[in-house]
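To start, the structure under review is shown below, and the notes come after it.
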Amino acid sequence: MIKLLLVDDEQIEREGMQTILERNFPNLEIKHAKNGKMAVEMASHFYPDLILMDIKMPGMNGLEAVEQISAKNPYTKFIMVTAYDTFGYVKAAIKLGVKDYILKPSKISEIKMTVGKVLNQIEQEKIQQTKSMLQEVALQKTLRVVETDIVTQLLFDHVHEVHVDMLVEMLDIPSTDEMFVMIVLLPSGSESTYSLIKAKVRETKSGWVGALYGNQLPIIVFRQPDKTYRSQATILARDILSIARKEQNTDWFIGIGEVCNSLDQVRQSYQDALMATMTTKAITSYRFYTDIHTSTDLSNSHMDKNQQKEFADLIRLGKWDDIQTFVMGSLQCYENEGAHLLHTQQRMLELLWITSGVLNEIGVENTAPFYSVQTTDYRQLRLETRQLLELMKKSSETHRNHLEADTIQQVKQYIMDHSHQDISLDTLARKVGLSPIYISKMFKEKQGINYIDFLTECRLEKAKRLMKDSEKSIKEITYEVGYHDPNYFSKVFKKMTNVSPKEYRKSLLRNKAQ
């Protein structure tokens with residue numbers, strides 16, 4: 001229904017105009033004002049679509065009233081009603097945006113045509129406004145879906161037909177060069193607060209809210225240049241927790257990940273935030289990942305001290321079959337106990353991060369483990385956990401192979417450089433920082449001979465070179481290559497070359513004479 005206001009100081013004129021309008025335009029809500037001041041007051045709460053305004057009235061005239069009403073109600077339209085058909089009035093009315101004017105007195109057909117034309121314009125504008133409003137509502141719904149879809153893709157690596165870069169361009173909150181993830185843990189029955197949290201985040205115009213998964217709500221927050229990372233995160237966390245207080249619920253908890261420099265790295269910040277929610281026992285209802293200790297600090301672990309030590313030792317010794325048995329056995333226990341899937345995922349992630357931390361301590365380079373997809377059931381969690389363990393196993397074995405290759409080379413070089421000295425396994429072990437038994441075993445496995453045989457080969461090769469010098473006696477050569485008994489040297493030489501040292505030297509001289 002279109003709202004229409006009749007403004008005229010003569011009641012008979014207002015009533016006559018109302019009768020004409022109601023007969024020709026039944027879909028109108030009509031009110032009266034007897035002067036300009038009253039018209040301004042009524043317009044402030046009646047919000048008329050069209051005003052038929054008399055120009056000449058006592059006090060505030062029609063043109064003054066139009067000017068004041070237009071300032072507060074820019075969409076209201078006006079038709080001036082006047083007995084004065086002068087150019088000055090028409091010009092002033094046009095400047096104020098008046099659509100048309102009606103002369104007193106006018107024929108009913110003229111009133112009908114003039115008013116009908118403006119009413120039709122109002123109808124068309126209302127239709128267009130409705131379409132625009134519906135389009136805006138649809139757009140906002142689409143953007144909400146796009147927003148949660150983007151967060152899902154970025155954090156859980158879901159594959160969608162629309163590439164994430166294209167989706168990002170659709171959002172009204174653009175990404176920045178720095179961002180971090182917050183995870184809100186909601187207790188059961190708090191699902192209805194999702195929209196409240198989303199609205200709170202949108203107020204800041206700095207974040208994308210993901211879909212609620214179990215009791216976990218992820219938010220990608222973009223850094224604001226006018227605040228520090230910690231102050232921005234703290235303010236937002238407290239704003240979100242204020243919703244919990246209004247709902248009289250104190251069981252909410254928020255984990256806050258570290259800052260990363262691109263959307264490609266945001267999953268790492270998500271894993272940080274997840275680690276920060278491992279235990280909700282804190283002074284405040286939120287925790288920064290940087291304020292917790294992972295690595296090999298197992299003080300907050302769910303394992304007892306003996307389990308902690310045994311698990312860390314398995315990692316250091318590279319006993320991956322035993323490591324997998326321990327981790328997967330723990331997972332199975334949680335499943336048998338009927339633990340919530342997200343809780344089990346957090347416990348598994350804790351064990352994986354402990355494993356990664358111990359590996360880093362012993363020099364194994366490996367990327368921090370995190371689940372690449374959103375876990376939906378225990379079968380998927382087992383598969384993902386095995387895959388992450390396998391990746392760390394490969395990193396460990398690659399490191400061990402490189403380490404052993406380097407160690408063997410160091411041992412060989414040391415033996416070659418010091419073959420003239422007494423060399424024991426203890427000596428070699430001290431040089432490379434490994435146990436004598438491990439050195440002996442590794443040398444045999446990698447070289448196919450034990451270190452004593454290699455030492456003997458080095459001494460004999462040096463002896464052969466020295467025998468080319470006819471001035472040196474066999475006895476001198478014996479001591480120079482590291483033996484203390486010429487007879488023992490001769491026995492070893494003949495055993496290894498099938499000729500005695502003297503026979504070998506004679507063959508050298510014969511070859512030289514030829």
Contact between Lys431 and Val411 at the side-chain level, heavy atoms closer than 4.5 Å - yes or no? no
What distance separates Leu28 CG from Gln18 CD, expressed to the nearest 0.5 Å? 9.5 Å
Less than 4.5 Å apart, side chain to side chain, heavy atoms only: is that true for Met348 and Glu384? no
Asp264: which residues meet the side chain to side chain contact (heavy atoms under 4.5 Å, CB included) condition with it, sequence neighbours left out? Ser262
How many angstroms lie between OG in Ser70 and CZ in Phe78, if you round to the nearest 0.5 Å? 3.5 Å
Heavy-atom side-chain proximity of Arg430 to Asp426 below 4.5 angstrom: yes
Scanning both residues in full, the closest heavy-atom pair of Arg238 with Arg245 reads O-NH2, 3.9 Å
4.5 Å side-chain heavy-atom contact, Lys200 and Leu196: no
Please output the side-chain donor-acceptor pairs of residues 318-331 that fall under 3.5 Å, not counting sequence neighbours, one pair per line with the distance.
from   : atom 1 : to     : atom 2 : distance (Å)
Trp320 : NE1    : Ser396 : OG     : 3.4
Thr325 : OG1    : Asp321 : O      : 2.8
Ser330 : OG     : Phe326 : O      : 2.9

Rounded to the nearest 0.5 Å, how far apart are CD of Glu64 and CD of Glu67? 8.0 Å
Give a yes or no on whether the backbone of Phe222 and the side-chain of Gln232 come within a donor-acceptor separation of less than 3.5 Å. yes
For the pair Asn261 and Gln265, evaluate side-chain hydrogen bond (donor to acceptor under 3.5 Å, both in side chains) and give the outcome as yes or no after the intermediate values. CA-CA 7 Å; Asn261 298 316; Gln265 302 170 4; 4.6 Å; no
Thr234 versus Leu236: any side-chain heavy-atom pair under 4.5 Å? no
Determine whether a donor-acceptor pair (N or O, by modelled atom type, separation under 3.5 Å) exists between the side chain of Arg223 and the backbone of Glu178. no
Excluding sequence neighbours, so at least two apart, what forms side-chain hydrogen bond (donor to acceptor under 3.5 Å, both in side chains) with Asn336? Gln332
Inter-residue atom distance Thr114.OG1 - Met80.CE, 0.5 Å rounding: 14.0 Å
Rounded to the nearest 0.5 Å, how far apart are CG of Leu4 and CG of Asp49? 8.5 Å
Ser356 (side chain) donor-acceptor with Leu352 (main chain) under 3.5 angstrom: no
Aromatic ring proximity Tyr286/Trp252, centre distance under 6.0 Å: no
Tell me every residue that passes side chain to side chain contact (heavy atoms under 4.5 Å, CB included) with Lys77, counting only those two or more places apart in sequence or in another chain. Leu50, Lys99, Val118, Gln121, Ile122, Glu125
I'd like to know whether Gln224 forms a side-chain hydrogen bond (donor to acceptor under 3.5 Å, both in side chains) with Lys227, so could you lay out the CA-CA distance, the side-chain angles of the two residues, the decisive distance to 0.1 Å, and finally the verdict. CA-CA 6 Å; Gln224 295 175 331; Lys227 298 183 181 71; 3.1 Å; yes
As a quick check of understanding, evaluate side chain to side chain contact (heavy atoms under 4.5 Å, CB included) for Asn27 and Leu119, giving each step before the final call. CA-CA 10 Å; Asn27 192 30; Leu119 290 177; over 6 Å; no
If we ignore hydrogens and angles and just use 3.5 Å, is the side chain of Arg287 paired with the main-chain N or O of Ala276 as donor and acceptor? yes
Centroid separation Tyr289 to Trp353 less than 6.0 Å: yes
Taking side chain to side chain contact (heavy atoms under 4.5 Å, CB included) as the definition, give me every residue that meets it alongside Ala33, ordered by chain and number, with sequence neighbours left out. Leu5, Val7, Met38, Ala39, Met42
N/O donor-acceptor pair under 3.5 Å between Thr204 side chain and Val201 backbone: yes
Residue pair Leu241 / Ser285: nearest heavy atoms and the distance that separates them: CD1-CB, 3.7 Å
Stepwise side-chain hydrogen bond (donor to acceptor under 3.5 Å, both in side chains) test for Thr228 and Ser231: CA-CA 5 Å; Thr228 66; Ser231 66; 2.8 Å; yes
Examine Arg230 relative to Phe288 and say whether NZ or CZ is less than 6.0 Å from the centre of the six-membered ring and inside a 45° cone about the ring axis. yes
So, is the end of the Lys31 side chain (NZ or CZ) under 6.0 Å from the ring centre of Phe46 and within 45° of the ring's axis? yes
Please check if atom NZ in Lys37 has more than 12 non-hydrogen atoms from other residues, nucleotides or ligands closer than 6.0 Å. no
Please report the interatomic distance CD(Gln345) to OG1(Thr385), rounded to the nearest 0.5 Å. 8.0 Å
Got a sec, which residues hit side-chain hydrogen bond (donor to acceptor under 3.5 Å, both in side chains) with Tyr378, two or more places apart in sequence or on another chain? Thr344
